Amino acid sequence: MTNKFSVKPDGLFRQNIVLMSGLVTAPIIVAATTVERAIVLVLSFFLMSYTSIMICRIVPRKIVYTVRAMLYAVVAAGMFIPTVIILEMLFPATTKSVMLYIEILTVNSLLLAKTESRFYLEPYGVMALDALFYVIGYAIAAFVVGAIRELLAYGTLFGLRWFDPPMPAAKSPFFGFFLIGIFAAVCRAGCGMRRAQQRGQRAARASQSIAPDSRGEGAQ
C-alpha cells in the first residue's frame, strides 16, 4: 500500500514554481542579473517564505481563508526584518540594489497559494521536506539565470572576470523574460516526455499481466 503523503521532489522540476508554474518570476526576470544577486534572492525567499510556511502551520484552518492569508502575509512581513538584517551583513550593496524585489517576496504565491492547496494537507515532516524542494527549485532557476546573464552581460562569474562581455543587453528584463521562457519550455517538454514514457511502461506492464490470463483461458 503506497503512502498517500510520501514526499515527491516535484518542486525541483515537474512543478518548479518558476519554470512550470510561472510564479514568483518577476524578481528573477528583473533582478537576477548576477550570481550574487541570485544568492540574495534565494536567501530572502528561503528566510521569508520557508520559515513563514513552517510558522503559519499553527494557524487554525477553522479561520476563514481571507483572514488566514492576511496572517500569512503578516508573518512573512515580520520575517522581512531579520532577513534584511542578515542580508545587509552578508551582501550590503547587493541587498540595497534588489530591496524592492525582496519586499515583493513577502506576498509570494508559494506562501499564499501552495500552503492551502498542498503543504497544509500533509503531515508536518512531509510538508517541511516538500516545501524545501520548492525552495531548491526556485534556487536552481535563480542561479542558472543569474550565472548565464552575468557571463553574457559582464563577462564575469562570482565577480571574477573571464572575458569581455559578449552581450551587455543580457542584463535587461526582456532578456531575463526570454531566458525564463526558454527554460520553462525545455522543462515542460522534458516532463512531458517523462510522463509519456511512464504511461508506456504502465501499459506494457498491464499487457504483460493480461497475456498469461489469456493463454490460460485458451488452454481450458
Side-chain angles (χ1 to χ4, degrees), residues 1-29 31-32 38-87 98-145 180 183-184 187-188 190-192 194-195 198:
M1 182 177 179
T2 59
N3 185 358
K4 178 183 177 182
F5 296 110
S6 59
V7 179
K8 297 179 180 178
D10 292 353
L12 294 178
F13 297 105
R14 194 168 71 86
Q15 293 192 33
N16 185 291
I17 195 170
V18 177
L19 302 181
M20 298 300 285
S21 303
L23 306 176
V24 295
T25 55
I28 294 179
I29 288 173
I39 290 173
V40 170
L41 291 176
V42 170
L43 287 176
S44 59
F45 187 72
F46 172 78
L47 292 172
M48 288 191 296
S49 299
Y50 186 77
T51 53
S52 296
I53 289 171
M54 298 297 105
I55 294 170
C56 292
R57 178 62 182 263
I58 66 175
V59 175
R61 292 184 63 83
K62 294 180 180 179
I63 300 175
V64 65
Y65 170 71
T66 304
V67 177
R68 292 201 308 272
M70 291 174 62
L71 290 174
Y72 301 160
V74 168
V75 172
M79 291 303 304
F80 171 81
I81 298 171
T83 296
V84 170
I85 292 173
I86 293 171
L87 292 176
V98 299
M99 184 62 71
L100 173 63
Y101 302 98
I102 297 175
E103 294 170 356
I104 289 174
L105 290 175
T106 59
V107 288
N108 70 80
S109 302
L110 183 69
L111 177 62
L112 300 182
K114 283 291 183 181
T115 49
E116 296 291 320
S117 64
R118 178 163 177 148
F119 299 144
Y120 291 171
L121 304 178
E122 302 169 332
Y124 195 88
V126 174
M127 177 199 71
L129 188 56
D130 193 16
L132 185 59
F133 279 128
Y134 276 83
V135 174
I136 295 172
Y138 179 90
I140 291 171
F143 285 144
V144 172
V145 170
I180 288 288
F183 289 151
C187 192
R188 288 176 184 271
C191 291
R194 185 179 178 184
R195 284 196 295 269
Q198 290 173 343

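All values reported here derive from a predicted model rather than from experimental measurement.
- Applying the side-chain hydrogen bond (donor to acceptor under 3.5 Å, both in side chains) criterion to Ser44, with sequence neighbours excluded, gives no partner residue.
- Residues meeting the side chain to side chain contact (heavy atoms under 4.5 Å, CB included) test with Thr106, sequence neighbours left out: Met48, Ala76, Phe80.
- Looking at residues two or more places apart in sequence or on another chain, you find no side chain to side chain contact (heavy atoms under 4.5 Å, CB included) involving Ala77.
- Residue pairs meeting the ring pair (Phe, Tyr, Trp, His ring centres under 6.0 Å) criterion with at least one member in residues 107-128, sequence neighbours excluded, are Tyr72-Tyr120, Phe119-Tyr134.
- Under the ring-ring contact (aromatic ring centres under 6.0 Å, His included) criterion, Tyr101 pairs with no residue, sequence neighbours left out.
- Pro27 pairs in a side-chain contact (heavy atoms from CB on, under 4.5 Å) with only one of the listed residues (Leu105, Asn108, Ile102), which is Leu105.
- In this structure Arg57 satisfies the salt bridge (charged side-chain N to carboxylate O under 4.0 Å, His left out) test with no other residue, sequence neighbours excluded.
- For Ile85, the side chain to side chain contact (heavy atoms under 4.5 Å, CB included) criterion is met by Ile81, Met89, not counting sequence neighbours.
- Minimum interatomic distance between Leu111 and Thr115 (heavy atoms only, all atoms of both residues): O-OG1, 2.6 Å.
- Every salt bridge (charged side-chain N to carboxylate O under 4.0 Å, His left out) that Glu116 has, sequence neighbours left out, goes to Arg61, Arg68.
- Val42 is linked by a side chain to side chain contact (heavy atoms under 4.5 Å, CB included) to Tyr138, Ala139, Ala142, Phe143, counting only residues two or more places apart in sequence or in another chain.
- Between Met127 and Arg118, every side-chain heavy-atom pair lies at or beyond the 4.5 Å cut-off.
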